[in-house]
> 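I'd like to ask some things about the structure below.
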Amino acid sequence: MTPGRSQVALQSSSHALQFDHDVKTWSHQSDDVHKVTLRPRVPVRVVVWNIVDIGDPVQPMADLARKTFDAQHVGLELSVHHEDVRELAAAIPTAACEALPALKRTSHPREPNRKVFDEGAVNVYYVGSCGRDCIAAGASCADTRAVFVYSTADTATMTHEIGHAFLGHVGVNHWYLSTGADNVMSDRGESLRNDFSTGQAIAINHERTGALAKLRLSRVPLECAVDCPSIHVDETWSDCHKPPEADPPAEDVVTDWLNCIECSDGQLERLLERASPQKAPSEEAAPAGAVTTRLSAALFRDGTDNVSTRHHRRAIRALLGLAVAGDPGARGQLREASTGAGRDRYRADVLRELDQALLLVP
């Protein structure tokens, strides 16, 4: 026994997560027992509003979210319901959290008495993009009953954004430790995003600003920054000390930029800094030409699926940054992509991004 508050958590594949944040029954005996009553998993309704009218299936994203929460013994039973409201695509081609109040007032196109928001569910809006100057693949909102997933998202993006919703205030920042590289809440480019830490599982069930508490499904809402273990507590720890932060990717800044979800952790800035033609050569700097070549390969790849489109758009954004910094190779690649015979390889949103970039190329 150690001084201070004792806490007990129990995870199960078939029951709700049980967490006692202030155990007072210990008698300091070696055979001490703390009894826990198992309860059924918490049912949570998730409604996916498909507003995109480009034929991209959201079913695999929703299936992966449900399977990940099951496999990680979080204690929730996600029930996913799909609402096809693609009639709204023309009126809502882009949307982010700022549009949520309007969406809450928008009537269902075929059921006027219903709104395009379910008060008793986590609402996932699958929309074309978050706007002209936005490159994210997903977004989470202050009202944790709503997240956005965009048409450049990969299969794991919906799980990541739903994770933000359940974690509330304690899940604002992404996973950054040197362990748990495949954490769902990582925004690193090569992460599989298929793992929740024990601390995250506890916070998902109890954080008072999270979706579960907002839906009044949390048995004991807590201020998890005070009353719960750190969300970083995980079985990958080698001892009771928090592992160090992972270093930003030193070599593969291109992959990290192409594959991040929200890209709010400096991915583009690191790429441009390390590849800038105007930067003095150093061991940390990657050759600008090598980076341009890799970005060009992403830009000229065929395909209009989500991943190809995301790579196209992000390659354009990075090449534009390098072109503005004085890289003639980047300028040439943008012009070739715009004027070449292969423009039909790009989706309409990529063509818009490309044409806008060319207006800014010096």
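Along the sequence shown, the residues carry numbers beginning at 1. These values consider heavy atoms only, across backbone and side chains, with no hydrogens, waters or symmetry-generated copies.
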> Verify the distance criterion only: is there a donor paired with an acceptor across the side chains of Arg314 and Thr152 at less than 3.5 Å?
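Distance-only check fails for Arg314 and Thr152.
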
> Ignoring hydrogens, what is the shortest heavy-atom contact between Val170 and Leu167? Give both atom names and the distance.
CG2-O, 3.0 Å

> Can you confirm whether Asp20 sits close enough to Val36 that some side-chain heavy atom of one is under 4.5 Å from a side-chain heavy atom of the other?
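No; the side chains remain at least 4.5 Å from each other.
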
> Side-chain contact test, heavy atoms from C-beta onward, threshold under 4.5 Å: evaluate it for Val124 versus Val46 and give yes or no.
yes

> Is the shortest heavy-atom distance from the side chain of Gln72 to the side chain of Gln11 under 4.5 Å?
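No, every pair of side-chain atoms sits at 4.5 Å or beyond.
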
> Test His164 against His169 for ring-ring contact (aromatic ring centres under 6.0 Å, His included), laying out the working first.
CA-CA 9 Å; His164 274 305; His169 287 175; over 10 Å; no

> Using the side-chain contact (heavy atoms from CB on, under 4.5 Å) rule, take Val58 and Val149 through it: C-alpha gap first, then chi angles, then the decisive distance, then the call.
CA-CA 10 Å; Val58 293; Val149 176; over 6 Å; no

> For Tyr176 and His232, take the angle between the two ring planes, folded into 0 to 90°, and tell me which bin it lands in: parallel under 30, tilted 30 to 60, perpendicular over 60.
perpendicular

> Could you check whether His73 and Phe196 have their ring centres less than 6.0 Å apart?
no

> Check the pair Asn183 / Gln200 against side-chain hydrogen bond (donor to acceptor under 3.5 Å, both in side chains), numbers first and verdict last.
CA-CA 10 Å; Asn183 193 277; Gln200 286 171 331; 2.9 Å; yes

> Taking Asp187 for the side chain and Cys263 for the main chain, is one N or O donor matched with an acceptor at less than 3.5 Å?
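A pair under 3.5 Å: yes.
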
> Give me the atom names and distance for the closest heavy-atom approach of Val48 to Val80.
CG2-CG1, 3.8 Å

> Under 4.5 Å between side-chain heavy atoms, counting indirect links through other Ile/Leu/Val/Met/Phe/Trp/Tyr residues: same cluster for Leu215 and Leu17 or not?
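Different hydrophobic clusters.
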
> How about Glu161 and Thr157: do any of their side-chain heavy atoms sit closer than 4.5 Å?
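Contact flag for Glu161/Thr157 side chains = yes.
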
> Using the rule that Ile, Leu, Val, Met, Phe, Trp and Tyr join whenever any side-chain heavy atoms are under 4.5 Å apart, tell me whether Val42 and Leu10 fall into a single cluster.
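Not linked; separate clusters.
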
> Salt-bridge test for Asp118 and Arg45: reply yes if a basic N is under 4.0 Å from a carboxylate O, no otherwise.
yes

> Got a donor-acceptor contact below 3.5 angstrom from the Gln333 side chain to the Ala297 backbone?
no

> Which pair of heavy atoms, one from Arg347 and one from Thr304, lies closest together, and at what distance?
NH1-O, 3.2 Å

> Among residues at least two apart in sequence or on other chains, which ones pass side-chain hydrogen bond (donor to acceptor under 3.5 Å, both in side chains) with Ser218?
none

> Would you sort out whether Ser129 and Arg313 count as a side-chain contact (heavy atoms from CB on, under 4.5 Å), showing the intermediate values?
CA-CA 11 Å; Ser129 78; Arg313 293 187 64 195; 4.1 Å; yes

> Verify the distance criterion only: is there a donor paired with an acceptor across the side chains of Glu262 and Ser264 at less than 3.5 Å?
no

> Might you point out which heavy atoms bring Asp154 and Arg193 nearest each other, and give the distance in Å?
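Closest pair (atom of Asp154, atom of Arg193, distance): OD2-NH1, 3.7 Å.
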
> State whether the side chain of Ser151 and the backbone N or O of Gly128 hold a donor-acceptor pair below 3.5 Å, judged by distance alone.
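Yes: the side chain of Ser151 pairs with the backbone of Gly128.
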
> Looking at side-chain heavy atoms only, is the closest gap between Tyr126 and Met61 below 4.5 Å?
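Yes, close enough: below the 4.5 Å cut-off.
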
> Using side-chain heavy atoms (C-beta onward) and a distance below 4.5 Å, is Trp257 in contact with Ile135?
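Yes, their side chains come closer than 4.5 Å.
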
> Decide side-chain hydrogen bond (donor to acceptor under 3.5 Å, both in side chains) for Asp349 and Thr309; before the verdict, give the C-alpha distance in whole Å, the side-chain angles of both, and the deciding distance to 0.1 Å.
CA-CA 8 Å; Asp349 49 347; Thr309 297; 5.1 Å; no

> Please check if Phe69 and Phe19 belong to a single hydrophobic cluster, counting links between Ile, Leu, Val, Met, Phe, Trp and Tyr side chain heavy atoms closer than 4.5 Å.
no

> Sub-3.5 Å donor-acceptor pair from the side chain of Glu207 to the main-chain atoms of Thr209, do we have one?
yes

> Do Val44 and Leu64 belong together in a cluster built from hydrophobic side chains that touch within less than 4.5 Å?
no

> Does Thr106 use its side chain to pair, donor to acceptor, with the backbone of Ala102 at less than 3.5 Å?
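The answer is yes, because a donor-acceptor pair under 3.5 Å joins these two groups.
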
> Testing the basics here: between Arg345 and Leu299, what is the closest heavy-atom pair and its distance to 0.1 Å?
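Heavy atoms only, the tightest pair is CD-O, 4.1 Å.
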
> Can you tell me if Asn123 uses its side chain to pair, donor with acceptor, with the backbone of Val147 under 3.5 Å?
no

> Mark yes or no for whether Asp143, through its side chain, and Ala146, through its backbone, hold a donor-acceptor pair below 3.5 Å.
no

> Compare all side-chain heavy atoms of Phe148 with those of Ser140 and state whether any distance is below 4.5 angstrom.
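Side-chain contact under 4.5 Å: no.
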
> So that I know where these two stand, are Tyr150 and Tyr125 an aromatic pair - ring centroids less than 6.0 Å apart?
no

> Check for a donor-acceptor pair, side chain of Asp256 on one end and backbone N or O of Asp252 on the other, with a separation under 3.5 Å.
no

> Would you check, one step at a time, whether the test side-chain hydrogen bond (donor to acceptor under 3.5 Å, both in side chains) holds for Arg294 with Thr255?
CA-CA 9 Å; Arg294 291 193 58 198; Thr255 295; 3.1 Å; yes

> Determine, using the 4.5 Å side-chain heavy-atom cutoff (strictly less than), whether Met158 and Val307 are members of one ILVMFWY cluster.
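Shared cluster, no.
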
> Do Val122 and Lys214 come within less than 4.5 Å of each other through their side chains, counting heavy atoms only?
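The answer is no; the side chains never approach within 4.5 Å.
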
> Is the closest basic N to carboxylate O distance between Arg110 and Glu87 below 4.0 Å?
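Salt bridge: yes.
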
> Do you see a donor-acceptor pair shorter than 3.5 Å between the side chains of His311 and Arg301?
yes

> Taking salt bridge (charged side-chain N to carboxylate O under 4.0 Å, His left out) as the definition, give me every residue that meets it alongside Glu98, ordered by chain and number, with sequence neighbours left out.
none

> Just do the side-chain contact (heavy atoms from CB on, under 4.5 Å) check on Leu334 and Ile316 with the steps written out, would you?
CA-CA 7 Å; Leu334 288 171; Ile316 292 169; 4.2 Å; yes

> I need the Ile202 CD1 to Ser197 OG distance, nearest 0.5 Å.
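Taking CD1 in Ile202 and OG in Ser197, the distance rounds to 8.5 Å.
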
> Indicate yes or no for a side-chain donor-acceptor contact from Asn50 to the backbone of Asp84 under 3.5 Å, with no hydrogens or angles considered.
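No, the answer is negative, given that no donor and acceptor are paired below the 3.5 Å cut-off.
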
> Given 3.5 Å as the limit, does a donor-acceptor pair link the side chain of Arg331 with the main chain of Val361, or not?
no

> Give a yes-or-no answer on whether the side chains of His81 and Ser79 include a donor-acceptor pair shorter than 3.5 Å.
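Indeed, the side chains of His81 and Ser79 share at least one donor-acceptor pair under 3.5 Å.
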
> Does Lys115 have more than 12 heavy atoms from other residues, nucleotides or ligands lying within 6.0 Å of its NZ?
yes

> What's the spacing between Thr339 OG1 and Glu336 CD if we round to 0.5 Å?
7.0 Å

> Do you know which two heavy atoms are closest between Arg114 and Trp49, and how far apart they sit?
NH2-CH2, 3.7 Å

> Checking side-chain contact (heavy atoms from CB on, under 4.5 Å) for the pair Leu212/Leu76: CA distance, chi angles, key distance, verdict?
CA-CA 10 Å; Leu212 207 65; Leu76 308 185; 3.9 Å; yes

> Under a plain distance cut-off of 3.5 Å, with no hydrogens placed, do Asp327 and Thr292 share a side-chain donor-acceptor pair?
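A donor-acceptor contact under 3.5 Å links the two side chains.
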
> Under 6.0 Å between ring centres, would you say that holds for His206 and His21?
no

> Is any NZ, NE, NH1 or NH2 atom of the basic residue among Glu119 and Lys104 found under 4.0 Å from an Asp or Glu carboxylate oxygen of the other?
no

> With sequence neighbours excluded, tell me which residues meet salt bridge (charged side-chain N to carboxylate O under 4.0 Å, His left out) with Asp265.
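Once residues adjacent in sequence are excluded, Asp265 has no partner under the salt bridge (charged side-chain N to carboxylate O under 4.0 Å, His left out) criterion.
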
